[in-house]
Amino acid sequence: MSRPPVSSLGRLRAVAAAVMLLAVAACTTPFKADVSRFQSQLPAPAGQSFAIVADDPKLSGGLEFSQYASLVRERLTRLGYTAIDDPAKASLLVRFDYGVDNGKERVRSTGVGPSPFWSPWYGYRGFGYGGGAGYWGRPYGYWGGPWHYGWYDPFFDGGVESYTVYTSGIDLKIDRVADGQRLFEGKAEAASSSNRLQYLVPNLVEAMFTGFPGNSGETVRITVAPEKK
């Protein structure tokens, strides 16, 4: 027994419903960051004080930097370290940097089956920031190696679409004030469809301090809550 033909309107409704479901799934996709941490004799929190400074002098004194630095201060305080304002009087100096690039356009076929336009891996070539004290101006991430990140956007269905992928990151360094010795280096980086630092930086800070200080030399994938719409 043959099935009744499906009208064009019915097909359009079915496609629209599928797209809406995919849109909801995209909005609830968790934020994922790759976190690399290195440490050398990082002292236990008891009796240790710290002060936070901008690793990039251009960020120093800014209200935006102060807002994001307060997130780092809160996490270190929660671990038992004591926050003070004067770097000269602190036992630990925390250098903090953050940024997001201008985005890279991606074009892919969104029809059924593998796309000839889209590749799940692309080479990361830095954030395009020039001259800063942090790592944003260097041509490679992760201490000199090319950084790769898989990205897939399930939202579109049919035709060829373009979209923008933004790469963001934070850089955290901890030095002992007494002799200037580096005790900790950490980076958290992510690719996402958002370029809003107000959303990205708090998530990257949360990823950085998940399981802090972590295993030296290990890169882990940290998943945190998605952006609220």
Side-chain angles (χ1 to χ4, degrees), residues 14-36 56 59 64-65 67-68 71-72 96-130 132 134-142 145-172 186-210 219-229:
V15 170
V19 169
M20 289 182 66
L21 288 173
L22 289 171
V24 171
C27 291
T28 57
T29 300
F31 183 98
K32 293 182 169 112
D34 284 344
V35 180
S36 293
D56 184 347
L59 300 176
E64 183 180 36
F65 173 80
Q67 176 179 329
Y68 301 142
L71 302 174
V72 177
F96 179 55
D97 194 11
Y98 58 86
V100 61
D101 69 3
N102 294 322
K104 295 181 182 297
E105 291 296 322
R106 295 287 176 259
V107 179
R108 68 180 178 90
S109 168
T110 58
V112 178
S115 166
F117 297 97
W118 175 81
S119 172
W121 300 99
Y122 63 88
Y124 167 63
R125 292 288 175 175
F127 287 81
Y129 288 73
Y135 64 89
W136 312 107
R138 296 206 293 267
Y140 296 97
Y142 280 156
W147 184 63
H148 296 76
Y149 195 98
W151 176 259
Y152 170 65
D153 185 349
F155 180 80
F156 300 105
D157 184 23
V160 176
E161 299 287 350
S162 65
Y163 57 99
T164 305
V165 175
Y166 299 94
T167 306
S168 58
I170 63 172
D171 189 351
L172 189 70
K187 297 182 187 293
E189 298 179 320
S192 71
S193 60
S194 175
N195 65 347
R196 294 195 317 109
L197 288 173
Q198 299 93 326
Y199 160 66
L200 296 168
V201 175
N203 278 298
L204 290 167
V205 170
E206 183 174 347
M208 174 69 72
F209 283 96
T210 298
T219 298
V220 295
R221 174 68 55 85
I222 304 295
T223 300
V224 295
E227 180 176 17
K228 294 181 180 179
K229 300 296 183 182

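Computed over heavy atoms, backbone and side chain alike; hydrogens, waters and symmetry mates excluded. This is a predicted model, so every value here is computed, not measured. FYI, the numbering just counts along the sequence from 1.
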Is a donor on one side and an acceptor on the other found under 3.5 Å between the side chain of N195 and the backbone of Y166? no
Quick one, [X] and [Y] - any side-chain contact, counting heavy atoms below 4.5 Å?
| X | Y | answer |
| --- | --- | --- |
| I170 | D97 | no |
| L197 | E64 | yes |
| F209 | L172 | yes |
| V201 | F96 | yes |
| V72 | V205 | yes |
| S193 | V165 | no |

Value rounded to 0.5 Å, distance of CZ in R221 from CG in D34: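 Here the interatomic distance stands at 4.0 Å.
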Distance (rounded to the nearest 0.5 Å) between I222 CD1 and N203 CG: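 The CD1 atom of I222 sits 12.0 Å away from the CG atom of N203.
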Which heavy atom of [X] sits nearest a heavy atom of [Y], and at what distance?
| X | Y | value |
| --- | --- | --- |
| A188 | L204 | O-CD2, 3.6 Å |
| T219 | S36 | OG1-OG, 2.5 Å |
| S194 | L200 | O-CD1, 3.6 Å |
| M208 | K187 | CE-N, 3.5 Å |

May I have the step-by-step check of side chain to side chain contact (heavy atoms under 4.5 Å, CB included) for L59 and Y98, ending in yes or no? CA-CA 9 Å; L59 300 176; Y98 58 86; 3.9 Å; yes
Got a sec, which residues hit side-chain contact (heavy atoms from CB on, under 4.5 Å) with Q67, two or more places apart in sequence or on another chain? none
